[in-house]
Amino acid sequence: MIIPPIDPNLEERLSGNGPQHDDARFAAGKITAFQYTTLGIFLFLIGGFWRLQVQNPQVYDERALQNSIKSFPIPAPRGRIRDRDGRIIVDNHSSFTVWLGRENLKEPHLKPIADGLDLEYSDLVARVQKVKSQPKYVPVRIKSELSAADLAFIDSHRDFFPEMEVIQIQSRLYPQNGVLAHVIGYTGEISEEDLDLPEFARYKPGQVIGKFGIERQYNAILTGVDGQRLVVVDHNLTEREKLATKEAIPGRDLRLTIDLDMQAVAELAMEGKNGAVVALDPRNGEVLTMVSRPAFDPNKFRESWKELLDNPDHPLMNRAIQEAQAPGSTFKPIMAMAALETGIIDTQFSVHCPGGATYYGRYYRCHLKTGHGTVTLHRGIVDSCDTYFYAVGDRLGIDKIAFYGDLFGYGRATGIDLPHEAAGVMPSSQWKIHNQHDRWFGGETINVAIGQGALTVTPLQLTRAMGGLAMGGVWYRPHLVKQAAEPPVVHKFNRDHLNQVIDAMYGVVNEAGGTGTWAELPGIQVCGKTGTAQVASADFVRSQGNVANLKDNAWFVGFAPCQSPEIVVTAFFEHGVESKFAAPIVRDVMKAYFDKKARAH
């Protein structure tokens, strides 16, 4: 019988002091740690529940609701634009715009959406990319003025493209056929360049702003405050319940100084012509009429944008304030005032005109090849004798001419309440040094003396200048929105000198041989001045043949009544060949003014 050896540790194990006892203690520690961990997790959950349900329930409710509530903008209608009599020029009409919600926007959907809505796919992708940095809940506008076909596509594809949302808005309704297009301007979606401008700092991508004309100049007044519509949507963004609506606040209306009756006459007079017509009240600077041709139709602006840009006649240019051209002989009354005021000449100063004169080694022709004979100031203006004013200009010199040209407002913008006004050029010796780094030559003065050479003005500048002359040296800032007149610029002219020039301008229209007799208006004392301005030299024109865009420009400016002026009108007929063709335009606009005045009484 074999007896197994005695385990030397048996006594320790039996007494509980050995390894078996250590294993038990280790297991007990693990159980305790587990219990504490479980308690900690339980307390954390209890604490979270307390915060969620007791401390801040509204905060977490709002966060949860954001997952099921969607906000849609309600664009505010823009203010309406009226004429001086309160008649509506620009109104609004109901239309539909489609937006894309971006919370569940799927990129593969963009191509079929673009095809279905007749959009350029690349343009649609670019629109979505523009608002990429915006919060996801900000939708992106993709098309306005939806057609019946667009609405049918959206309605039949709601289940396929739930990100599409149609919103009814108030869109602009402009006059037809481009009437007042350059004055009113147009609206459009704000661009990235616009968003960088301080005046549009509060706007967001997709919003509509004024882009040109009155719409741009008075955008802050015409723009209202957008509203908001809150709805409950399901996981597919399908609307289930309306929660709240914050109505939009419409923009404020504007009342212009424009007279629609006169505007219609001026528009009709310019039918088929390129150029501009401006009529204003010289007593306060109110613009009564402003026409620029060719024009564009703001109602169809988006569809014809590329065509308008490619048009060589530049229909987007407002020729009334942006087309600076040589004023021709309309500059001669200013020349006469400068010569009389400086004492260079008096009313008896005479010049013999055989058809031209030689200055600085060059022969300068008069417009009448056979000449005017001996001419004094009165006949110099009535007959528009170039030779007479060559002599006057040579005596004055360019810097005296420039001083008076500046006094009449040439060479700087008038400050009318429209964007992008051109300043034109009133040349001087300093102007040439600064701009052409060369000295002034005497022969250049001879050209400026008859409104040619480097001298350029806009139709509005010419209208304001002659209005100030008619008022005896009082010039108001032209403006298009009814407002209190600002203090005018005033220069005290010698009254006798003024009377001499105004009397001669009366003769232009009313005396035999006057160059502007086509502007005569029975019963109304009309004063005026013609101007035929070369676009290129006669020799160059002859070398090019009968090229339409090299023909002379035709100007006529008139005011009435001569001694108590109420209206001054300028017609600029681009390539009209002879100034006499511009005179009837001014006559017709003046007639509309005085006919309406007579009816009112």
Side-chain angles (χ1 to χ4, degrees), residues 71-81 89-92 95 97-102 123-145 165 167 169-174 180-229 246-256 296 298-299 301-302 305 308-309 316-318 321-322 413 415-422 479-481 483:
S71 170
F72 292 105
I74 303 176
R78 290 177 72 83
R80 293 174 296 183
I81 301 176
I89 301 173
V90 180
D91 205 347
N92 299 305
S95 66
T97 296
V98 61
W99 300 66
L100 285 185
R102 295 165 53 233
D123 291 344
L124 180 56
V125 172
R127 280 179 174 272
V128 173
Q129 289 298 318
K130 278 183 182 179
V131 297
K132 195 172 183 180
S133 60
Q134 297 289 317
K136 281 285 188 181
Y137 60 79
V138 176
V140 54
R141 179 200 301 258
I142 63 171
K143 190 173 184 179
S144 302
E145 298 284 351
E165 177 69 24
I167 298 176
I169 65 171
Q170 294 290 309
S171 296
R172 277 317 217 191
L173 185 62
Y174 294 107
L180 276 168
H182 296 90
V183 171
I184 296 165
Y186 52 87
T187 59
E189 188 176 331
I190 194 167
S191 66
E192 290 185 3
E193 293 77 13
D194 293 328
L195 288 167
D196 292 334
L197 299 175
E199 62 183 299
F200 298 122
R202 66 185 182 90
Y203 289 82
K204 298 176 181 178
Q207 286 189 282
V208 172
I209 61 168
K211 304 287 280 187
F212 186 68
I214 288 291
E215 292 276 27
R216 174 65 178 261
Q217 188 75 18
Y218 291 96
N219 182 70
I221 292 175
L222 293 166
T223 301
V225 179
D226 290 349
Q228 190 179 39
R229 182 166 62 92
K246 178 185 176 183
E247 296 297 338
I249 301 173
R252 287 178 285 164
D253 288 0
L254 272 183
R255 191 166 183 174
L256 303 186
F296 60 93
N299 296 298
F301 191 76
R302 294 178 183 85
W305 170 247
L308 291 170
L309 286 180
L316 294 176
M317 174 190 286
N318 184 351
I321 67 169
Q322 295 177 308
I416 190 172
D417 45 347
L418 283 177
H420 313 305
E421 182 186 8
H479 55 277
L480 281 156
V481 170
Q483 56 189 264

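Throughout, numbering of the chain's residues begins at 1 and tracks the sequence. Everything numeric in this text was worked out from a predicted model, so none of it was measured.
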Check your understanding: V90 versus L173: any side-chain heavy-atom pair under 4.5 Å?
Key ->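 V90 does not reach L173 side chain to side chain.
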Closer than 3.5 angstrom, by distance alone: can the side chain of [X] be matched with the main-chain N or O of [Y] as a donor-acceptor pair?
X    : Y    : answer
E215 : K211 : no
D417 : L480 : yes
H182 : M317 : yes
E193 : S191 : no
D253 : I81  : no

Rounded distance (nearest 0.5 Å) linking atom [atom1] of [X] with atom [atom2] of [Y]:
X    : Y    : atom1 : atom2 : value
R202 : L195 : CZ    : CG    : 12.5 Å
D226 : I249 : CG    : CD1   : 10.0 Å
R127 : K143 : CZ    : NZ    : 11.0 Å
I209 : Y203 : CD1   : OH    : 7.5 Å
L124 : I142 : CG    : CD1   : 5.5 Å
T97  : E145 : OG1   : CD    : 7.0 Å

Taking all atoms of both residues into account, what is the closest heavy-atom pair of [X] and [Y], and its distance?
X    : Y    : value
L197 : R216 : CD1-NH2, 3.5 Å
G213 : P419 : O-CD, 3.7 Å
Q322 : L316 : OE1-O, 4.4 Å
P298 : Y174 : CB-CD1, 3.3 Å
L222 : R80  : CD2-O, 4.3 Å
A76  : A248 : CA-CB, 3.6 Å

Review point. Which one of Q170, R78, R172 satisfies the side chain to side chain donor-acceptor pair (under 3.5 Å) criterion with N92?
Key: R172
Check your understanding: Is there a side chain to side chain contact (heavy atoms under 4.5 Å, CB included) between L254 and Q217 once you walk through the steps?
Key -> CA-CA 11 Å; L254 272 183; Q217 188 75 18; over 6 Å; no
Practice item. For the pair H420 and F212, name the ring-plane relationship: parallel under 30°, tilted 30 to 60°, perpendicular over 60°. Key: parallel
Point to revise | Residues E199 and N219: side-chain donor-acceptor under 3.5 angstrom | key: no
